[in-house]
Amino acid sequence: MHISHKCSIAVHCLIFIKEYGEENKVTSELLSLSTGCNPVTIRNILSAMKKDGIIDVKFGTGGATLAVPIQDISLYRVCAAVDPKAVEKMISVHPAPSPFCPVGRNIEEVLDQTYKILKEDLVSSMKSITMEKIVKDYRAILERKP
């Protein structure tokens with residue numbers, strides 16, 4: 001169980017756009033260098049965030065900018081935009097329990113209510129964390145390092 005790499009890459013891109021987007025044209029190539037990811041991966045992530053209304057991307061010359069204030073972008077929104085099944089991937093029953101075993105046959109139903117509560121709590125927590133907080137955390141780390 002982990003948060004999709006797409007989510008952490010999207011957060012990385014948003015921090016970069018917030019911190020450097022006013023002075024620089026933030027392109028998929030530039031974000032690719034910063035994230036260490038293929039530019040196609042970056043373009044797919046940017047496209048998903050654009051579709052959700054998180055960012056704007058200029059046609060032709062390129063360049064990504066924030067479409068909404070940073071405090072209005074939750075971690076949940078980012079993750080849901082780039083990986084709609086992120087929560088399901090983090091909290092789900094293993095895919096092939098044995099139908100011949102009493103535990104295997106019933107494990108999904110056994111965990112149903114517990115996993116529902118966990119998913120609700122996870123979504124609530126992710127919605128409470130904004131990109132504004134994440135950018136503040138980033139800046140605090142920069143201040144501590146020489």
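These numbers come from the heavy atoms of this one structure, side chains and all, not from hydrogens, waters or symmetry mates.
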Output yes when a side-chain donor or acceptor of [X] lies under 3.5 Å from a complementary backbone atom of [Y], and no otherwise.
{"X": "Ser92", "Y": "Glu88", "value": "yes"}
{"X": "Thr27", "Y": "Gly63", "value": "no"}
{"X": "Thr41", "Y": "Cys37", "value": "no"}
{"X": "Arg77", "Y": "Asp52", "value": "yes"}

With sequence neighbours excluded, what pairs up with [X] under the side chain to side chain contact (heavy atoms under 4.5 Å, CB included) test?
{"X": "Leu111", "value": "Val93, Ile107, Tyr115"}
{"X": "Gln71", "value": "Pro69, Glu132"}
{"X": "Val82", "value": "Lys6, Cys7, Ala10, Ile45, Ala48, Met49"}

Supply the atom-to-atom distance [X] [atom1] to [Y] [atom2], rounded to the nearest 0.5 angstrom.
{"X": "Ile91", "Y": "Ile117", "atom1": "CD1", "atom2": "CD1", "value": "11.0 Å"}
{"X": "Lys136", "Y": "Ile70", "atom1": "NZ", "atom2": "CD1", "value": "11.5 Å"}
{"X": "Ser32", "Y": "Ile42", "atom1": "OG", "atom2": "CD1", "value": "6.0 Å"}
{"X": "Leu75", "Y": "Lys127", "atom1": "CG", "atom2": "NZ", "value": "12.0 Å"}

Do Val87 and Tyr76 pass the side chain to side chain contact (heavy atoms under 4.5 Å, CB included) test, and can you show the C-alpha distance, the side-chain angles, and the key distance before you say yes or no? CA-CA 9 Å; Val87 172; Tyr76 178 76; 4.1 Å; yes
Heavy-atom neighbours of Glu120 CD exceed 12 at 6.0 Å: yes
Step by step, work out the side chain to side chain contact (heavy atoms under 4.5 Å, CB included) result for Leu66 and Ile73. CA-CA 10 Å; Leu66 295 174; Ile73 305 170; 4.2 Å; yes
I'd like to know if Tyr20 and Ile134 are part of one continuous hydrophobic network [Ile/Leu/Val/Met/Phe/Trp/Tyr, side-chain heavy atoms within less than 4.5 Å].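 Yes, Ile134 and Tyr20 fall within the same hydrophobic cluster.
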Under a 4.0 Å threshold between the charged nitrogen and the carboxylate oxygen, would Asp83 count as salt-bridged to Lys89?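 Asp83 and Lys89: salt-bridged.
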Indicate yes or no: does Asp137 engage Lys133 in a salt bridge with an N to O separation below 4.0 Å. yes
From CA spacing to verdict: side chain to side chain contact (heavy atoms under 4.5 Å, CB included), Met131, Val11: CA-CA 8 Å; Met131 283 303 303; Val11 168; 4.0 Å; yes
